[in-house]
Undergrad: 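One structure is given below, represented as structure tokens, and several questions about it will come after.
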Amino acid sequence: MRLRGRVGWIVALIVTLLALAGCGREPLHQSQAYVFGTLVDISIYGESEERARELSGHVQQEFQRLHDQLHAWKAGSELDRLNAAFAAGKTAEVSPELAGMLKDATRLSEQSGGLFNPAIGHLIQLWGFHRDEFAPVRPDPSEIQKWVDVNPRMADILVENGQAASRNPAVKLDLGGYAKGWALDLAADYLRQQGVKGALVNIGGNIIAIGKHGERPWRVGIQHPRKPGPLATLELPDGWAIGTSGDYQRFFELDGQRYCHIIDPRNGQPAQGVQAVTILVPPGPHAGTLSDVASKPLFISGLAGWHKAASDMGITHALLVDEQGGPHLTRAMKQRLHFTQKNVALEELP
Amino acid sequence: MKKAMTRSIIEITTTPDDHRIARLAAIAIGLHLVESVVPSPLPGVKPGIANIITLYVLYRFDFATAAWVSLLRVVAGSLLLGSFLSPAFVLSLTGAITSLTMLFFSARLPGKWFGPVTLSILAAFAHIAGQLLIVRMWLIPHAGVAYLIPVFAAAALFFGLVNGLITARLLRDNGKLSSFSASKGLVE
Amino acid sequence: MSHWKSFPKPLPGDWLVLGISCIVVAILFATLWRNEPAGKLRIRAGDRVFATLSLDQQRTLQVPGPLGISTIVIDRGRARVASDPGRHQYCVKQGWLSKAGQVAMCLPNQVSLELLGGEKSYDSLNY
């Protein structure tokens, strides 16, 4: 009699333990793929395995299409075709989608006071960043100056009735700082249309959030500019987007100096003095695009001008990590971030 | 004088004590086997129900008997399960030795204040401590073992408590708890 | 559970031992579980998971990608990308990964190394 009671108790315990082991099975689907020339990570919550796979697959296909269309230096892309026409002073046909992008990019370029300038493709190429593999180069200063003086701007481009031309043959389009953000908005619109309750789309580090991860908001980490872990983590509510420009993403080192792919259009040099800039953009029709575009002007403006650049771009949540690794952030940003390292010395601005 | 070589028959005479030990050991081995059939969620975490026998024997008889029963259970159990001299056997033996040592000393605690629950919990902690030491030094020489310590400690506490309560009840029902005294050879 | 009433009440000393043991267990959890160590690592090649392995071994793996072979070394609790055909060696420069959530990505060769274990503090990484 005593034995039976004991056995029954053991059985109850085991059943409980097994039931607990079954917990933790979440309806979260995660897919990773190398599309768009970078790593694309899509998390979908609350959909069946097949549906989630179908949705991610569609998004990735769209990205691949955009990638082929907007490739800055591979022959055959629509962008490359336009660039060739611009250089020759000719007119070329432009798709409505690309025309829309150009118009939007021009507006943003003006808003940033020319710091965001997708027309400086020649300068970027000069520094060797228009290749899949780039080697340290030291361009001729006079060559750099030439491309700066010739002043290629988005405003030089005229688009009318599906035709595009450039007043200035020095214009070479490189939508590297724009396309990822645009793709994020595209993906977010599509997934929302499909009725997805929760998703997180990450294109090369640029992230937009849809809905929630079940009961809790999505959480993202911000890569530390120099170490393998996150510098900080934060919640990304529905519709918010986050973007980072860093000197650790595409760079080379020459004589102990780091040269990154973010070129300052004013002097034709890779921006110096900043390790990374991270911005948050609240929900809006172009949240993704802005999260990609707006980090560049802040990065280029450096410690001296990032705060002004932020307000020019309408950004209230910004973090800048200077070349010593010291963080500077706006108050709104500070309220949202959890730094991984406690007691980190930081500068807070309104 | 040269002694003639006579064929000698070695007779082993068994005492009632031996019978008793064998019987108790058999029960302990049986429980051990039953327990080995039940899957555990985490390797190494087991209720240790055979320890109830050891503790019961300690109270009802004496330390020597308990030690015999425990060690017999470990050896015979491993032979029956086919794990004799395997790492599992070494772990089992280590646990038995350390918990017996703890029982030896904690049995000296005044019985008015400390009952089977205390001995069971202390013995359980000693048991896992010995095992974790062997694991760390020999089987998995890696700092990650530290990660397991709190889990095993919690299991030791829980199952130590439960086994102690069960033993106390068994002793009471057999009218033996009240006879826990110095005359049983537990306190010198 | 009315069963409990049929068990003898623990003695005063038993309660003391019980109490102290609970405190000890709580302290063990608090101290030893502070830094959740990584237990496993995941290697991805392209869009596929190449391997999910325990960190607790000493092993070298060759992971093929479009540019060639990336070598990953696991050393009892930590792992790193030892060599990579990519030009800039960003993933090699990340060095040893030892905590859950840490990642090294060799984008050109489409190989990535991620440490799993415990609950990750974020769903996706911004960089």
Side-chain angles (χ1 to χ4, degrees), chain A residues 2 5 8-9 28 30-35 37-43 45 60 131-135 200-202 204-207 209 213 216-230 232-236 242-244 246 248-253 276 278 280 291 338 340, chain C residues 1-4 6-7 34-35 38 41-50 65-68 78-81 84-116 118-127:
Chain A
R2 249 175 280 134
W9 185 87
L28 177 76
Q30 217 189 353
S31 72
Q32 275 194 3
Y34 285 85
V35 227
T38 185
L39 186 60
V40 172
D41 197 313
I42 303 172
S43 300
Y45 190 95
Q60 278 157 15
R131 287 200 283 275
D132 284 325
E133 298 281 307
F134 36 91
L200 204 62
V201 183
N202 182 332
N206 221 134
I207 308 175
H213 176 110
R216 63 159 176 85
W218 291 105
R219 280 194 296 249
V220 299
I222 300 176
Q223 171 71 51
H224 193 290
R226 294 290 184 266
K227 295 190 205 149
T233 58
L234 68 150
E235 285 179 355
L236 204 61
I242 182 170
T244 292
Y248 55 87
Q249 296 156 333
R250 286 162 73 84
F251 69 95
F252 60 80
E253 268 166 343
T278 301
L280 284 181
S291 71
H338 297 278
T340 317
Chain C
M1 288 213 308
S2 60
H3 291 298
W4 295 117
S6 58
F7 284 91
R34 220 188 304 122
N35 288 324
L41 64 124
R42 176 163 290 155
I43 302 172
R44 294 184 122 107
D47 53 10
R48 248 167 269 285
V49 172
F50 177 81
L67 295 179
R78 54 184 197 163
R80 73 181 189 110
V81 182
D84 175 68
R87 187 165 177 99
H88 298 279
Q89 306 280 295
Y90 295 156
C91 51
V92 178
K93 285 183 187 157
Q94 292 277 48
W96 288 106
L97 311 183
S98 57
K99 294 220 192 78
Q102 289 182 325
V103 184
M105 281 192 279
C106 310
L107 285 182
N109 205 26
Q110 301 189 5
V111 170
S112 76
L113 171 61
E114 181 187 356
L115 259 50
L116 313 168
E119 212 187 273
K120 223 161 75 161
S121 53
Y122 54 86
D123 300 303
S124 194
L125 185 65
N126 164 255
Y127 55 90

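These numbers come from the heavy atoms of this one structure, side chains and all, not from hydrogens, waters or symmetry mates. Each chain gets a letter, A, B and so on, in the order the sequences are listed, and its residues count up from 1.
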Undergrad: Minimum heavy-atom separation for Gln223(A) to Tyr127(C), with atom names?
TA: CB-CB, 3.6 Å
Undergrad: By a 4.5 Å heavy-atom criterion (distance strictly below it), what part of Thr278(A) contacts chain C: side chain, backbone, both, or neither?
TA: side chain
Undergrad: Please classify the contact between Arg48(C) and chain A as side chain, backbone, both or neither, with a heavy-atom cut-off of under 4.5 Å.
TA: neither
Undergrad: So which of Pro228(A), Ala33(A), Ser43(A) has the biggest tally of heavy-atom pairs under 4.5 Å with chain C?
TA: Pro228(A)
Undergrad: Name the option with the most non-hydrogen atom pairs under 4.5 Å to chain C; the candidates are Thr244(A), Leu236(A), Thr38(A), Leu200(A).
TA: Thr244(A)
Undergrad: Does the Tyr248(A) side chain pair with the main chain of Tyr90(C), one donor and one acceptor, at a distance under 3.5 Å?
TA: no
Undergrad: Can you tell which of Pro225(A), Gly229(A), Gly205(A), Gly246(A) has the highest number of heavy-atom pairs within less than 4.5 Å of chain C?
TA: Gly205(A)
Undergrad: Could you tell me which non-hydrogen atom of Tyr122(C) sits nearest to which non-hydrogen atom of Pro230(A), and how far apart they are?
TA: CE2-CG, 3.6 Å
Undergrad: Is it the side chain or the backbone of Ile222(A) that comes within 4.5 Å of chain C heavy atoms, both, or neither?
TA: both
Undergrad: Taking atom OG1 of Thr233(A) and atom CG of Asn126(C), what is their separation to the nearest 0.5 Å?
TA: 12.0 Å
Undergrad: Give me the atom names and distance for the closest heavy-atom approach of Asp123(C) to Gln30(A).
TA: O-NE2, 4.3 Å
Undergrad: Atom NZ of residue position Lys93(C) - does it have more than 12 heavy atoms of other residues, nucleotides or ligands inside 6.0 Å?
TA: yes
Undergrad: Please look at Leu125(C) and chain A and tell me whether the side chain, the backbone, both or neither of the residue comes under 4.5 angstrom of a heavy atom of that chain.
TA: both
Undergrad: Regarding Ser124(C) and Asp41(A), is there a side-chain donor-to-acceptor distance under 3.5 Å anywhere?
TA: no
